[in-house]
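Working notes for the structure below.
By convention in this document, chain letters (A, B, ...) are assigned in the order of the sequence lines, proteins followed by strands, and residues within each chain are numbered from 1. The figures that follow rest on heavy atoms only: side chains count, while hydrogens, waters and symmetry mates do not.
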2 protein chains.
Amino acid sequence: MTDTARGTSRRYGSRPTMKDVAARAGVGLKTVSRVVNGEPGVTPDTERRVQDAITALGFRRNDSARILRKGRTASIGLVLEDLADPFYGPLNRAVEEVARDHGALLINGSSAEDPAREQELVLALCARRVDGLVIIPAADDHRYLEPEIAAGVATVFVDRPAGRIEADTVLSDSFGGARDAVAHLIAHGHRRIGFLGDQPRIHTAAERLRGYRAAMAEAGLPVDEAWVSLGSTAPDRVRFAATAMLDGPRPVTALFAGNNRVTVTAVRVLAERPRPVALVGFDDFELADLISPAITVVAQDAARLGRTAATMLFRRLDGVDGPPRREEIPTRLIPRGSGELPPPAGS
Amino acid sequence: MTDTARGTSRRYGSRPTMKDVAARAGVGLKTVSRVVNGEPGVTPDTERRVQDAITALGFRRNDSARILRKGRTASIGLVLEDLADPFYGPLNRAVEEVARDHGALLINGSSAEDPAREQELVLALCARRVDGLVIIPAADDHRYLEPEIAAGVATVFVDRPAGRIEADTVLSDSFGGARDAVAHLIAHGHRRIGFLGDQPRIHTAAERLRGYRAAMAEAGLPVDEAWVSLGSTAPDRVRFAATAMLDGPRPVTALFAGNNRVTVTAVRVLAERPRPVALVGFDDFELADLISPAITVVAQDAARLGRTAATMLFRRLDGVDGPPRREEIPTRLIPRGSGELPPPAGS
DNA sequence: GTCGCGTTTGACAACGTTGTCCAGAGGTTA
DNA sequence: TAACCTCTGGACAACGTTGTCAAACGCGAC
């Protein structure tokens, strides 16, 4: 078994080139190129000789050289916040699926919510000459992308808008979703509702807060600022904030959690308490229906976000011009029980 | 004015090169290269002129050309089964983290459990001349990789072993984990235990089945073949199989689910039944502790799998030779309740 | 003034591929 | 037999970068 592998005694790390194949097959360089790329104008006999040489040498075309020559890389970059966040899994997958349909590879990386790291990653991708970029931004100033975009790197922002530049964008309807969620709680009798959100500099967090306030205002309900807490989604912070709202001087009877990570912590906090507290979470998650009470959520369609963004990107790459477009993906309230709990009697 | 205009009005899609920068700065090509790469031997004055030209033109080094010239791409490929599967999120993240520490980019894609697609993807990555590959195999024959490995592409297999070639491998202890899980159920009084697994051609599924049989045998318990069902993890199939075991002539009193997707479906099936059935799942998942009863699981450390594999890969890239290594990552049984249910009285 | 030495700089080839263009073989027609 | 076409195959330049090597320069010492 191993001796066959050793049979080809090439120098470790250096691979045969078309030139080697041509020499071995006794044909010209361009003929090999033609065979490799399935171009016409090669007799079956010549083609067979070349194919034999290719397998014998273990030749594989060097795409770096090809890219250099052709100018297009057939790859796109995806920069997201955290590869491990389950919310981005389907999005990632959807983008890859569309890329694959267009014969492109996907290069990706996480920014870890760090603007500097986002920029570093994006520019590294640009240096690789990706044809396009799908970005879930962590930064709030994307002017550093201007030269790249001017040079023809198609760019689409997803989930959050670009900062200080005009660009194609695909967003969930965070405002509307949050308003629906809070209206749902109000419809079930709640008056004192807490909002647990992500850091305020994140666009979606701000939008969801805006939706919360809008729903409260539409119902004529005052908002005690002690009911609003934005910040890191670290469990400790969320736990602390939730507890403060629930045990404060004007305790809330319901919570609206601004994203999946916050919801998970909120569920844990509420599970430890004797009396049930209503909860609606932004983002759906697996098994939300099996917890008791089942968790009512505002679901985003992450796969559709990704698919839409990638499709938009390839449309640009296909040469569709025009001003930056912004597409909004609707959210969907899924009542499951936790949002339908009435406030405790006498509150 | 004219040269400014010429500078800004580049043809859309074509970027300035070092040659353009050199012309504008009034220096030689190599001097620009030196500045871009921070090489010594450039006077501060010259360097400033070059830097100015770079920003004015929006120059960014073309890494395709650089790669072609240097031979190393500073990128590694990760091929996994499904980017959207939450189990692979932390693994993906861990690999990226290690890659980043080594200054490498991560290119990835999903095989969708399709051997042909895996091969296509892997070879595309080889054509890009990735320095190394981390593969979660879908195929069971990897001889197609022999020329690539011989040519110096470092390769590490994770989660499942390579087929028909020798290669570095990092695995979870599926056998031991499954045996622990089933032994746990037996210790709580169960005698008739069902196994719901993934397709038998998948190594981990086979190993877990082996663990199941080992635990049963060690306890001197016979296995009714109606208690064993391997196949697709599609919810319909799992539901059907589980129902058959629970309602069959010799009904099981406990289930062991072979992976996270199966566990989720099993939880749903059991939730619909009047009397509780014990369950242990392979793979931990979020909120497993909040379902009632909380789900007992055998947890794999996906992040550690990824970290170990990537570290092994870069060690090879750093020139460490030697025979293929196989590393095994232990699993951990997390008792939460669902595995501690006793069998119904009189069974 | 010239020599030697170290530093800064640039000309040029090479990396492996593809596009352009031309040469020669073979066949058809006048 | 010459003129003309078609079809296959190959020579060569170019893509944008980096490594090699040598030229040009400044400067102190003889």
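Here Thr31(A) reaches the OP1 or OP2 of dG10(D): one of its side-chain N or O atoms lies under 4.0 Å away. For the OP1/OP2 pair of dT8(D) and a distance below 4.0 Å, the side-chain nitrogens and oxygens of Thr43(A) include no atom meeting the criterion.
Between Phe314(B) and His102(B), the angle of the ring planes stays under 30°, which puts this pair in the parallel group of the 30/60° scheme.
The structure places CZ of Arg160(B) at 12.5 Å from CD1 of Ile135(B), a figure rounded to the nearest 0.5 Å. With rounding to the nearest 0.5 angstrom, the CG atom of Asn37(B) is 5.0 Å from the CZ atom of Arg61(B). Between the CZ atom in Arg307(B) and the CD1 atom in Ile329(B) there is a gap of 9.0 Å [rounded to 0.5 Å]. Here OH of Tyr144(B) is found 9.5 Å from CD1 of Ile149(B). Values are rounded to the nearest 0.5 Å. A distance of 9.5 Å separates CZ of Arg93(A) from CZ of Arg100(A), quoted to the nearest 0.5 Å.
Across the protein-nucleic acid pair, Glu47(A) atom CD and dT8(D) atom P stand 12 Å apart, rounded to whole Å. In this entry the distance linking CD of Glu39(A) with P of dT17(C) reads 14 Å, nearest Å.
Formation of a donor-acceptor pair under 3.5 Å by the Glu113(A) side chain with backbone atoms of Ala138(A) is not found in this model. No side-chain donor-acceptor contact under 3.5 Å links Asp131(B) to the backbone of Ile76(B).
Residue Asn37(B) is in sugar-phosphate contact alone, with no base atom involved, counting any heavy-atom pair closer than 4.0 Å across all strands shown. At a threshold of 4.0 angstrom between heavy atoms, the contacts of Val42(B) are confined to the sugar-phosphate backbone, with no base atom among them. At a threshold of 4.0 angstrom between heavy atoms, the contacts of Val27(A) are confined to the sugar-phosphate backbone, with no base atom among them. Within 4.0 Å (heavy atoms only), Thr46(B) reaches sugar-phosphate atoms of the nucleic acid but no base atom.
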Write out a two-atom table: protein N or O, nucleotide N or O from nucleotides 12-16 of chain D, distance below 3.5 Å.
| from | atom 1 | to | atom 2 | distance (Å) |
| --- | --- | --- | --- | --- |
| dA14(D) | N3 | Arg69(A) | NH1 | 3.3 |

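If one axis is set at each end of the helix from dG1(C)-dC30(D) to dA30(C)-dT1(D) from five pairs, those axes are 70° apart, to 10°.
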Report the C-alpha distance between Asp20(B) and Arg24(B) in whole Å, list the side-chain angles of each, state the deciding distance to 0.1 Å, and finish with yes or no for salt bridge (Lys or Arg N to Asp or Glu O under 4.0 Å).
-> CA-CA 6 Å; Asp20(B) 299 324; Arg24(B) 175 160 182 135; over 6 Å; no
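Mapping Arg34(B) and Arg60(A) onto DNA chain C by nearest heavy atom places Arg34(B) closer to the 5' end of the strand.
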